[in-house]
Amino acid sequence: MSDKTVQALAEVVGIPLERFLEQLKEAGLSATDPDDIISEEEKVKLLAHLRKRHGKTDVSQDNSTPKRITLKRSTKTELRQSSAPGSGTKTVSVEVRKQKTYIKRSEASVSDAQKEAEQAKQALAALEEQKRRQAADEEKRRQHEAQLKAEAGKTQPAPASVPATETLQAEATESVTPPSAPAPVAKKPEVAAKEAVTPKPLSEAERLEQEKKQRLEAAVERNAEKVRKAAEAKQQTLHKKKQDFKPTRGPATDIAADTSDAARRGKGKKSKPGRREKPEHEIEMQGGKHRFEKPVAPTVFDVTIPETIIVSDLAAKMNIKAAEVIKHLMKLGIMSTINQAIDQETAVILVEEMGHKAIMQSEDDFEQEMLAEVMGDVEEQKSLPRAPIVTIMGHVDHGKTSLLDYIRKTRVAAGEAGGITQHIGAYQVKTDHGSVTFLDTPGHAAFTAMRARGAEVTDIVIVVVAADDGVMPQTKEAIEHARAANVPIIVALNKIDKPEANPDRVMQELATLNVVPEEWGGDVQFLRVSAKVGTGIDELIEALIVQAEVLELTAPAEGIASGICIESRLDKGRGAVATVLIQKGTLSKGEFVLCGHEYGRIRAMFDENAHSIKSAGPSAPVEILGLSGTPDAGDEFLVVQNERVARELAAHREDRKKSSRHAAAHASKLDDVFSRMTAGETATLNVVIKTDVQGSLEALRESLVGLSTDEVQVKCIYGGVGGINEGDANLALASSAILIGFNVRADAVARKLIEEKDIDLHYYSIIYEAIDEVKRAISGMLAPDIQEKIVGLAEVRDVFRSPKFGAIAGCMVTDGFVKRNLPIRVLRDNVVIFEGQLESLRRFKDDVSEVKMGMECGIGVKNYNDVKPGDQIEVFERIEVKREI
Ligand SMILES: Nc1nc2c(ncn2[C@@H]2O[C@H](COP(=O)(O)OP(=O)(O)OP(=O)(O)O)[C@@H](O)[C@H]2O)c(=O)[nH]1
C-alpha cells in the first residue's frame, strides 16, 4: 500500500478525521494535519498503539481459538444495542458488527507478526471495496444467526459493545494483531454482561459471509456518521438563524432583517448558482412566529378622486370590496351598482366617512400634468398670421358642394395630372395674399357635430344662398348655427349666372334675419358668385382673407404641433388613416402623435393632393398614417416626445370616455336651471325650439324670450319647423340648450343622441304648458305635478276600412307597447296631427288590452279616420310626480 494522507486513511478506516488525528497523537505520530502523509512505518506504529489500547481486555483465549469464538458470538445478535447514532432501524445492524470483531480477531489469530503490514493493507482495501452493499444481506445474516442461536441452546454473556468507529478501527488493528493480542475494549458493560461466546469452528462460507456483513456494517456506520453530521450542521444553522431573527412589527424593520440576512449570507459563503435558497418565510415559520402582523391601527389611504369615479374603482382605491362602498352609498341614500359612476362630491363624502383622505382631482389637472410631462419644456413660440379655416353651409341644392368642388378643382388641383385629387376632408387654397383652408364637409350638421364634440375649428362660415331661390329653412339654420358658435358669416349669393337669379331679393330676406350686407350698412360681406362658371370665386377668397385679417388669426408656426382630427378611416392596406388640421406648430413625419385616445409614430404624411410631405404648418390639413386606431372627428391631436406618457394619457382618455358614458351628461337641464342660476353659474337659459307650424314657432319663441328677467335671460338659439333631427340635438348639446318640441317628435337618430348625451328634451302640445314650465324652472318651481311618459310607438303599415269601426290602422309596434286605455297621438313626419283615444285594439280577430314591441295589431282611433300608412301612433301616459320643493 502506498503512503496515504491522514484524511485519506481516516476515510479508508471510516472514522472521523478529528478522532483519527487524536489517535495519531496518542500513538506519538507527528502528523497533525489532514494532508500530512502517513508512511508505512507510521501505520505500523499506529497499529501497535491501537493494539496496546485494546489490550486491556483479555481475549487471549479467544485469539488462540479464534474460529470457534467467532461462530458462537455471532448467534447473539438480537440482544445487541445500537451504536450508530441517527440511523433508526439500522441501529440493530450495528450491534451485530461487534460480533464480527471476534470473527476478525479469530481470523487474525492465524496471521503472524511478520505479515502485519500486508494484512492491514488487505483489510483496508476490502473495507473500501465493500462500502456500498445492500442491507438485504444483513437481514439474511440475522436470520441465519437466529437459527444458529436456537441450535446453540444456551445463553452466553454478550461481548463488549463498542462504538462502530472503534470497531472498525479494531478490525483493522486486530487483523494484524498477534495471537496474544488483547480483545477490544468493552465500552458498554451492561451489554457485555449479557453476551457470552460459545467457541465453535466456522466453515469457510460462514466466515466469508461474516466478512461481508462486517463490511456492510462499516458502510452503514459511515453513512450514519454522515447523516448525523449533516443533522448537527442543520441544527446549528437553525439555531443561529433563530437567534439572529428578532420579531419585528413594521415593514421597515422587516426589510432591515432581510437585508441583514442577505448581508450575512453574502459575507459568509456565496450561495451556489442553481442551488435553491430556502425561502425566508419557511425559516421564520419554524421559529414559531409569523413575521407579518395584523396592523394595529386602521390604514388611512390618500384617495384621489377624479370628476367621476366608478364604484368598483373607488373601492379598489380604498382597498375594500365594492359591496362595502355600495352599502355606504345606501346609507347616504344613493342606490348604485358596482359599475355605476358617482360624482366627485359624493365620492369625497363617502371616502371621508370611511376614514380615508380624499384628494379631489380634476381631469384637466391630471391631463395638464401629464401633457406637461409629454411636452417637456416648450419654448413660447412667436405667433404668425395663419390661414382662416372655412366651413360652407346652406340649404339643400343651393350649391355648397359645387362651390367646394369648383374651388378645389381650379385652385388646388391646377397642374395635377388628369385633375384627379384625393378627397381628404379639407384642402388649402393659396393666393398671393395668403391661404384659405376649406373644410370639405358641407352643411351645418357636420359643423355642429364637431362643435358638440368641443372642437371649435371653424374661423369663418360661408352661407351659400341660391340667388334664384332665396332664404330657405336650412339657410336660417345655418345662420343660427354660425351665430351659436360665434363665428363670422360671409354670404355667397350663388347661381348668379342663372337668368332668374335675384340677389337683391335674397339680400332683403337675409336682412330680415339680421344678416345685413356691408353695402347696406351692415357687417356681413355678400359676394355674388357662380359655382358653375366661376364668377366671383376669386373675390370670395379675397373676402375670406380680408375677414381673416380682421379676425387677426395667428398661430405659432414653429414648435410642437397640435390640432384637430377632422376625419379618419381604416384603410385595408394602410391601416388607420386620419386627416388632421394643424392649428399650431409644425408637424413632421416620424414624430410621435397622441390623438384622442389613439397614438403612434407618423409613418407617412400626405397633403390634399396625395403628395407625400415631410412637414406641415398651421392651418394645413394633412393625412397621417401610423396611429394605433381611428380617432373621432373633433379629437385633439398633439405631438409628444415621450411614448410612455402618451400611452398612459391615451389610456386615461379612454377611461375618461368610459366613465363619462356612465356619468350623467353635462347637458343643460331645465330642472337645474334655477339651482345653477342661484349658484351664479348661469344667467342665460338657451332653448332650441322645433314646432309643427311656423305660427306656433313664432308664438312660442316670443313667449319664452319674453320670460327673460333681470336675473335670467331666455335665449332662443334656434327655432325651426319640423321634427327634431340630429342637427337640432347636436346644436342643443353644443350650446347647452334645452330642446323643446311643440307638437313634433325627435327622429330615431336624434332620439339616440338625446338619450346618449342626456339632452333635456321637452314635448308640449299646449303653448301655455311650455311657457308655464320654463317660467317655473327659472323661478325655482321645479318639476311639474303631472308628467307625460311615452310608453310605446306603433307604425301604421296599412289602413283598412270597416263599416263598424271606420278606419282601422294595421300597425307594427316598433317601441314599447300599445295599451288600449291609454291616450294616443297620431304623428305624421314626426309632427303631431291628432291627439285622442284608442277605440279598438286587436290582434287578428281578438280584442286585446296590450300589444308589445315587434307585434302587429289593428288600431282604431276614436273620432279620427284620416290615418295613413307611414303615420306613427304614439301611446303615452300621464304620471303624477311629487313636487321636489
Ligand atoms: N347654374 C348654376 N347651377 C349651379 C350652381 N351651383 C350649383 N349648381 C347646381 O345646383 C345643383 C345642386 O348643387 P350642389 O352643389 O349639389 O348643391 P349642395 O348645396 O351641395 O346640395 P346638397 O349636397 O344636396 O346639400 C347641381 O345640379 C349644380 O349643378 C351655379 O352657380 N350655377
Side-chain angles (χ1 to χ4, degrees), residues 389-413 419-427 429 436-451 458 460-482 485 487 489-507 509-510 513 515 517 525-544 566-567 608 633 718 720-723 725-728 730-731 747 749-750 829:
I389 295 157
V390 179
T391 298
I392 298 183
M393 297 190 203
H395 194 70
V396 181
D397 278 354
H398 277 202
K400 303 179 289 288
T401 313
S402 302
L403 191 60
L404 275 165
D405 285 350
Y406 184 86
I407 298 168
R408 185 170 55 219
K409 267 188 215 136
T410 55
R411 308 299 296 253
V412 180
I420 301 162
T421 56
Q422 195 189 358
H423 182 122
I424 71 158
Y427 58 82
V429 170
V436 179
T437 302
F438 289 91
L439 288 182
D440 213 351
T441 42
H444 63 260
F447 171 81
T448 314
M450 288 274 268
R451 272 195 67 220
T458 309
I460 303 165
V461 165
I462 295 180
V463 176
V464 177
V465 192
D468 62 334
D469 197 13
V471 171
M472 298 304 280
Q474 278 184 291
T475 315
K476 287 185 194 169
E477 271 182 27
I479 292 166
E480 306 245 15
H481 282 234
V487 176
I489 295 169
I490 287 181
V491 175
L493 298 168
N494 194 27
K495 306 194 185 181
I496 206 79
D497 60 295
K498 280 196 169 179
E500 61 270 36
N502 186 353
D504 286 344
R505 180 175 59 86
V506 181
M507 282 161 82
E509 284 173 6
L510 284 167
L513 296 173
V515 181
Q525 297 188 72
F526 275 60
L527 280 306
R528 290 168 175 80
V529 299
S530 167
K532 196 174 180 183
V533 295
T535 319
I537 303 293
D538 287 350
E539 286 79 6
L540 178 65
I541 293 169
E542 292 283 311
L544 288 166
I566 50 176
E567 64 175 26
E608 62 267 28
Y718 171 68
V721 175
N725 56 32
E726 191 189 7
D728 301 323
N730 266 328
L731 181 63
D747 66 21
V749 186
D829 296 329

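Just follow the structure's listing: the first ligand is 1, and inside any ligand the first atom is 1.
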Pull out every atom of ligand 1 sitting under 4.0 Å from any heavy atom of Lys498, numbered as shown with elements. 1 (N)

Which heavy atom of the protein is the closest neighbour of atom 2 (C) of ligand 1, given with residue, atom name and distance? Lys532 CD, 3.5 Å

Please state which protein non-hydrogen atom is closest to atom 18 (P) of ligand 1 and give its distance, to 0.1 Å? Lys400 N, 3.5 Å

Does His395 form a side chain to side chain donor-acceptor pair (under 3.5 Å) with Asp469? I'd like the steps, not just the answer. CA-CA 10 Å; His395 194 70; Asp469 197 13; 5.5 Å; no

Indicate, as side chain, backbone, both or neither, the part of Asp397 found under 4.0 angstrom from ligand 1 when only non-hydrogen atoms are considered. both

Please name the pair of heavy atoms, one in Met507 and one in Pro517, separated by the smallest distance, quoted to 0.1 Å. CE-CG, 3.6 Å

Of the non-hydrogen atoms in His398 and Ala466, which two are nearest, and what is the gap between them? ND1-N, 3.0 Å

Just so I know, are the side chains of Ile462 and Phe438 near enough to count as touching, which here means a heavy-atom distance under 4.5 Å? yes

If hydrogens are left out, which of Asp468, Ile392, Asp469, Val396 has an atom nearest to atom 24 (O) of ligand 1, that is, the closest non-hydrogen atom? Val396

Min over Glu500, Met393, Lys495 of heavy-atom distance to atom 11 (C) of ligand 1 lands on Lys495

With a 4.5 Å heavy-atom cut-off, do Leu510 and Val471 have their side chains touching? yes

If you take all heavy atoms of Ile496 and Pro503, which pair is closest and at what distance? CD1-CG, 3.7 Å

Heavy-atom nearest pair, Asp497 first then Ser530, reads OD1-OG, 2.8 Å

Within the structure, does Ile496 bring an N/O atom to less than 3.5 angstrom of an N/O atom in ligand 1? no

Residue His395 vicinity, atoms of ligand 1 by number, heavy atom under 4.0 Å: 19 (O)

Assess whether atom CG of Asp504 is packed by more than 12 heavy atoms of other residues, nucleotides or ligands within 6.0 Å. yes

Considering only heavy atoms of Ala531, which atoms of ligand 1 have at least one such atom less than 4.0 Å away? 6 (N), 30 (C), 31 (O)

Find all atoms of ligand 1 within a distance of less than 4.0 Å from any non-hydrogen atom belonging to Asp497, and give their numbers and elements. 1 (N), 2 (C), 30 (C), 31 (O), 32 (N)

When distances are taken from atom 6 (N) of ligand 1, the protein heavy atom at minimum range is Asn494 ND2, 3.2 Å

For atom 27 (O) of ligand 1, state whether the nearest protein heavy atom is under 4.0 Å away. no

Per-atom filter on ligand 1: closer than 4.0 angstrom to a heavy atom of Ser402 are 6 (N), 7 (C), 13 (O), 14 (P), 15 (O), 28 (C)

Atom 20 (O) of ligand 1: closest protein heavy atom, distance to 0.1 Å, is Thr401 OG1, 2.5 Å

Of Glu480, Glu477, Lys476, which meets side-chain hydrogen bond (donor to acceptor under 3.5 Å, both in side chains) against Tyr718? Glu477

Tell me the protein heavy atom at minimum distance from atom 17 (O) of ligand 1, and give that distance in Å. Gly399 N, 3.1 Å

All heavy atoms of Gly470 vs all of Thr475, minimum pair found to be O-OG1, 4.2 Å

